> 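One structure is given below, represented as structure tokens, and several questions about it will come after.
Side-chain atoms are counted along with the backbone in the values below, which use heavy atoms only and exclude waters and symmetry mates. Quick note on labels: first sequence line is chain A, next is B, and so on, each numbered from 1. All figures in this text were calculated on a predicted structure; none of them were measured in a lab.
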Number of protein chains: 2
Amino acid sequence: MYSVAIEDYLKSLWKLGPKDVGTQELASHLDVKPASVTKMVLRLTEMGLVDHTPYKGASLTRQGELEALSVVRRHRLLETFLSQTLGLGRDQLHAEAERLEHALSKELEDAIANYLGNPVRDPHGHPIPGPNGELPGGFDIPLSDCPLNKSLTVMQIPDYDSLVSSWLETNGIFPGVKLIIESRDDFDGGINCKIDNNEVRISSSIASLVKVSQED
Amino acid sequence: MYSVAIEDYLKSLWKLGPKDVGTQELASHLDVKPASVTKMVLRLTEMGLVDHTPYKGASLTRQGELEALSVVRRHRLLETFLSQTLGLGRDQLHAEAERLEHALSKELEDAIANYLGNPVRDPHGHPIPGPNGELPGGFDIPLSDCPLNKSLTVMQIPDYDSLVSSWLETNGIFPGVKLIIESRDDFDGGINCKIDNNEVRISSSIASLVKVSQED
DNA sequence: TATAAAGTTTAGCCATGGCTAAACTGAAAA
DNA sequence: TTTTCAGTTTAGCCATGGCTAAACTTTATA
């Protein structure tokens, strides 16, 4: 089993990928200094988990990707499990899973997946990778890219930013909710939606983080 | 929050205490070398968690004891939670809780305790310390110290030795089971019990690890 | 095209928590 | 009382994963 730090680096590279990720970008995502990233990326390259081109960036090898997917699977299974059993709020799930994911054995992972009936989405709507890294489909598109006056269903919301999370919560936006975009602000990209007969204005930055599906 | 290593040292000192614990004893319990223990004990003393007399031994301060009880509480709540929700076998619980206990936030600890209805015993019958370190009573006595021909109820079984655990499991010895000691081998201390109308011979070493209560 | 700025890497430091080998203590045996 | 030896501590090493400061690339700007 890899250390917490290594798992965190692989997970961040996966989230920021598949493009080459710069030292600075990775550093700010992990909340460490760029010099620490360079050092660690060299070690990961040595271990065959990462490809690194100096002054250009780093990306996961297939092996690194599989390991990252394993961490993501544990994270999303834990979120689903904690939500189902303890009824934790969507806003608490991420932080708890973030710490527990590194301490989950394969056996416990299997037991949880089995208990939950091998779910394909976590409570934020994010796809849960399979035990061998298979990432379930998904043609979900950013709400910010959708046409007006079509019936849309919210599929995925972000989990890492607690400010965004609580805004979404209080505005009733979570997976499964249906909405229609009624107008778009040409100037700043903000959109006006109808949700459950309520009018809600969503800023473009948030709209780009919410993924929806479009009825045929 | 203290590191995994520090929490492990405190927990071991608690389990081996309250007497002064020698360097060697602590080292073998933690599976590290004595020199590593001496170094760490000095740090813990510096931190006010441990009292150390050179060449004599170490014991927990009140602060160290409270921290140890907090780790034990998390461990035993996790065992209970994993048993109830996932139905894990008593033999798997210990190892999983051992890793997860260090990653459990106060909030999640509270949520689990609440979900379980603030249990006072874990699946091995061990008392679960309260949120402020209160250790629920218990006049349970080692099976090896009990008189013959009295009705006894198994209250606590050990959790750390998987060989002992599986022997107990296959012989139907777990908390709640009633038994009677019919005879004792004067030579090696082994005892012959009647459990559920079956005869079971229990070695003295195992009998000293099983705690029972005696009906008035 | 030369230079400034932004981003990356290197060098060298620190704390943590292991290790081995050697020195030291104290209690039991000679 | 002296010696022995088991147990403890010290000294000094190592890997991990952070950090800062300084050097180096690359890219963009003048």
Side-chain angles (χ1 to χ4, degrees), chain A residues 1-17 19-61 63-64 67-68 71 98-99 101-103, chain B residues 1-17 19-61 63-64 67-68 71 98-99 101-103:
Chain A
M1 222 194 230
Y2 294 110
S3 70
V4 172
I6 288 178
E7 290 190 344
D8 282 341
Y9 273 84
L10 297 177
K11 194 169 50 141
S12 289
L13 280 165
W14 182 79
K15 286 194 189 172
L16 300 173
K19 68 181 199 306
D20 262 26
V21 179
T23 304
Q24 198 135 193
E25 187 181 5
L26 189 48
S28 78
H29 197 260
L30 285 162
D31 200 26
V32 298
K33 300 296 176 194
S36 305
V37 166
T38 300
K39 200 203 253 189
M40 192 63 140
V41 162
L42 290 177
R43 279 187 52 216
L44 295 173
T45 302
E46 193 70 27
M47 296 167 79
L49 297 167
V50 156
D51 284 328
H52 177 234
T53 314
Y55 294 101
K56 183 161 166 287
S59 61
L60 295 172
T61 61
Q63 190 195 338
E67 187 57 36
V71 181
E98 198 74 12
R99 267 174 287 110
E101 64 191 13
H102 304 295
Chain B
M1 226 195 229
Y2 293 111
S3 71
V4 172
I6 287 178
E7 290 190 344
D8 282 340
Y9 274 83
L10 297 177
K11 194 169 50 141
S12 289
L13 281 166
W14 183 79
K15 286 193 188 171
L16 300 172
K19 69 182 197 307
D20 262 27
V21 179
T23 304
Q24 198 136 201
E25 187 182 4
L26 189 49
S28 79
H29 197 260
L30 285 162
D31 200 27
V32 298
K33 301 296 177 195
S36 305
V37 167
T38 299
K39 200 204 252 189
M40 193 62 139
V41 162
L42 290 178
R43 278 186 53 217
L44 294 173
T45 302
E46 193 68 29
M47 294 167 80
L49 297 167
V50 156
D51 284 328
H52 176 236
T53 315
Y55 295 100
K56 181 159 167 287
S59 61
L60 295 173
T61 61
Q63 191 195 338
E67 187 57 37
V71 181
E98 198 73 13
R99 269 173 286 108
E101 65 191 13
H102 304 294

> Tell me whether the side-chain N/O atoms of Ser3(A) come closer than 4.0 Å to OP1 or OP2 in dT16(D).
no

> Whole angstrom is fine here: how far is it from CD1 in Ile6(A) over to P in dG17(D)?
5 Å

> Using the side-chain heavy atoms of Thr38(B), tell me which of these nucleotides is nearest: dG18(D), dG17(C), dT10(D).
dT10(D)

> Give a yes/no on whether any side-chain N or O of His52(A) is located under 4.0 angstrom from OP1 or OP2 of dT9(C).
yes

> Look up atom CG in Leu30(B) and atom CG in Leu16(B), then write down how far apart they are to the nearest 0.5 Å.
8.0 Å

> Could you please name the option among dT25(C), dG7(C), dG18(C) that lies closest to any side-chain atom of Tyr55(B)?
dT25(C)

> Whole-Å distance between dT16(C) P and Tyr9(B) OH?
13 Å

> Judged by each residue's nearest nucleotide on DNA chain D, which is more toward the 5′ side, Pro54(A) or Lys39(A)?
Lys39(A)

> Quick one: pull up CD in Gln24(B) and OG1 in Thr38(B) and give me the separation to the nearest 0.5 Å.
10.0 Å

> Within this structure, what is the OH-to-P distance between Tyr2(A) and dG17(D), rounded to whole angstrom?
12 Å

> Atom CZ of Arg43(B) to atom P of dC14(C): distance rounded to whole Å?
17 Å

> Is the phosphate of dC19(C) approached by Ser36(B) (side-chain N or O, under 4.0 Å from OP1 or OP2)?
yes

> Quick check for you: among dT20(C), dG18(D), dA21(D), whose closest atom lies nearest to any side-chain atom of Ala35(A)?
dA21(D)

> Return the value, rounded to whole Å, for the distance between atom NZ of Lys33(A) and atom P of dT9(C).
17 Å

> Starting at CG of Asp20(B), measure out to NZ of Lys56(B) and round the result to the nearest 0.5 Å.
3.5 Å

> Counting side-chain heavy atoms from C-beta on, which of dT20(C), dG18(C), dT9(C) comes nearest to Val32(B)?
dG18(C)

> For dT8(C), does either OP1 or OP2 sit under 4.0 Å from a side-chain N or O belonging to Gln24(A)?
yes

> Whole angstroms only, please: what is the NE2-P distance between His102(A) and dT16(D)?
18 Å

> Please give, in whole Å, the distance from dC19(D) C1' to Asp31(A) CG?
13 Å

> Atom CD in Glu101(B), atom NZ in Lys11(B): separation rounded to 0.5 Å?
3.5 Å

> Given atom CG of Leu26(A) and atom P of dG7(C), what is their separation to the nearest angstrom?
15 Å

> Looking at every non-hydrogen atom in both residues, tell me the closest pair between Gly48(B) and Thr61(B) and how far apart they are.
O-OG1, 2.8 Å

